[in-house]
Amino acid sequence: MKTLILILIIISFIQTTLMSLNLVLIALIARSLIRPEKNDLILSFGFGLLISHLSLAPLGFQSLMYLILVQITQSLSRSRLSANPLLIIPLVLILSSVDIIATSLLARQSIGLMPQILIEGLISLPIFYSLRLWEERFLIRKEIKLRV
């Protein structure tokens with residue numbers, strides 16, 4: 001969990017300074033598809049506040065959006081569809097477009113979806129597989145007990 005928080009902090013700084021892609025949302029969606037926990041909601045609220053603070057947006061709106069989108073992802077991850085790893089691409093496309101539309105309506109700006117949404121959809125699959133590899137290989141769960 002500490003490593004995931006460090007990675008999310010680095011991604012949030014990259015998101016607000018270098019790229020306009022919503023990398024934190026993609027990582028939170030991928031994490032909640034892999035392992036739906038209550039900690040995902042805490043992470044989404046905290047990093048929504050961090051992204052709002054770093055991008056000088058109204059404080060709290062981004063965290064509210066992240067909470068809603070991660071909760072939708074967690075409820076979808078309990079269904080049979082979550083067994084397909086390619087579900088992440090349309091899920092990120094839909095949820096990220098909802099986030100961009102809501103943020104644009106709040107800021108009263110024009111809505112520009114296309115290049116950003118397509119890039120986020122393509123980036124979502126490598127992020128999903130890297131997080132899944134990390135969760136399955138390098139984290140020891142409480143259910144697994146090693147024999148000595």
Side-chain angles (χ1 to χ4, degrees), residues 1-79 81-141:
M1 187 66 146
K2 294 176 187 176
T3 309
L4 179 66
I5 292 173
L6 181 67
I7 289 171
L8 284 173
I9 288 172
I10 292 170
I11 287 175
S12 64
F13 280 109
I14 289 172
Q15 175 181 332
T16 55
T17 57
L18 299 176
M19 290 189 258
S20 64
L21 301 176
N22 207 345
L23 299 173
V24 174
L25 180 64
I26 295 171
L28 289 171
I29 288 172
R31 170 73 159 87
S32 62
L33 264 181
I34 295 168
R35 184 183 288 176
E37 293 178 344
K38 189 173 99 173
N39 293 335
D40 296 334
L41 298 173
I42 296 169
L43 286 174
S44 65
F45 182 77
F47 282 100
L49 286 176
L50 180 65
I51 292 296
S52 296
H53 178 69
L54 291 176
S55 63
L56 300 175
L59 200 61
F61 179 74
Q62 199 70 29
S63 61
L64 181 65
M65 285 302 299
Y66 282 3
L67 275 173
I68 293 169
L69 298 176
V70 167
Q71 183 65 37
I72 290 170
T73 306
Q74 284 184 350
S75 63
L76 186 64
S77 70
R78 293 181 182 100
S79 70
L81 291 174
S82 65
N84 189 359
L86 295 178
L87 174 71
I88 188 77
I89 295 173
L91 188 64
V92 165
L93 290 175
I94 293 169
L95 295 180
S96 184
S97 62
V98 167
D99 181 51
I100 290 173
I101 290 170
T103 306
S104 298
L105 289 177
L106 179 72
R108 295 189 176 121
Q109 297 175 348
S110 63
I111 301 169
L113 288 176
M114 264 317 168
Q116 182 178 358
I117 294 296
L118 293 176
I119 294 170
E120 287 177 359
L122 292 174
I123 289 176
S124 65
L125 200 59
I127 290 175
F128 175 74
Y129 277 120
S130 62
L131 279 175
R132 189 166 147 187
L133 177 78
W134 179 261
E135 290 287 330
E136 290 176 355
R137 302 286 188 249
F138 300 116
L139 294 180
I140 299 174
R141 292 184 215 103

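Values reported hereafter were calculated over all heavy atoms of this structure, with side chains retained and with hydrogens, waters and symmetry mates removed. All residue numbers in this chain count up from 1 along the given sequence.
D40 places a side-chain N or O within donor-acceptor distance of the main-chain N or O of E37, the cut-off being under 3.5 Å. With R35 contributing its side chain and R31 its backbone, the two residues share no donor-acceptor pair below 3.5 Å.
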Dump the intermediate steps for side chain to side chain contact (heavy atoms under 4.5 Å, CB included) on L76 and L87, then the final yes or no. CA-CA 10 Å; L76 186 64; L87 174 71; 4.2 Å; yes
Which is it for L131 and L4 under the side chain to side chain contact (heavy atoms under 4.5 Å, CB included) test, yes or no, and what are the steps along the way? CA-CA 9 Å; L131 279 175; L4 179 66; 3.9 Å; yes
After noting the C-alpha distance and the side-chain angles of W134 and I7, does the key distance pass the side chain to side chain contact (heavy atoms under 4.5 Å, CB included) rule? CA-CA 12 Å; W134 179 261; I7 289 171; 6.0 Å; no
Does Q62 form a side chain to side chain contact (heavy atoms under 4.5 Å, CB included) with D99? I'd like the steps, not just the answer. CA-CA 8 Å; Q62 199 70 29; D99 181 51; 3.3 Å; yes
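Annotation for S63 and L49: closest pair CB-N, 3.7 Å, computed over non-hydrogen atoms. Taking each heavy atom of S104 and S110 in turn, the nearest pair found is OG-O, 3.9 Å. Nearest approach of S44 to L28, heavy atoms of both residues: CA-CD1, 3.6 Å. Contact record, S12 with L50: OG-CD2, 3.3 Å, taken as the closest heavy-atom pair.
Counting heavy atoms from C-beta on, the side chains of I29 and I26 never come closer than 4.5 Å. Residues I9 and F47 are in side-chain contact: their nearest non-hydrogen atoms beyond the backbone lie under 4.5 Å apart.
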Less than 3.5 Å apart, which donor and acceptor atoms pair up between the side chains of residues 113-129 and the rest of the protein, not counting sequence neighbours?
unit_1, atom_1, unit_2, atom_2, d
Q116, NE2, S20, O, 2.7
Q116, NE2, E120, OE2, 3.2
E120, OE1, S96, OG, 2.2
E120, OE2, N22, N, 2.8
S124, OG, G121, O, 2.7

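In F45, the CZ atom is not crowded: 12 or fewer heavy atoms of neighbouring residues, nucleotides or ligands sit closer than 6.0 Å.
Annotation: the span from T16 atom OG1 to L23 atom CG amounts to 10.0 Å, rounded to 0.5 Å.
For residues 3-25, no pair satisfies salt bridge (charged side-chain N to carboxylate O under 4.0 Å, His left out), with sequence neighbours left out.
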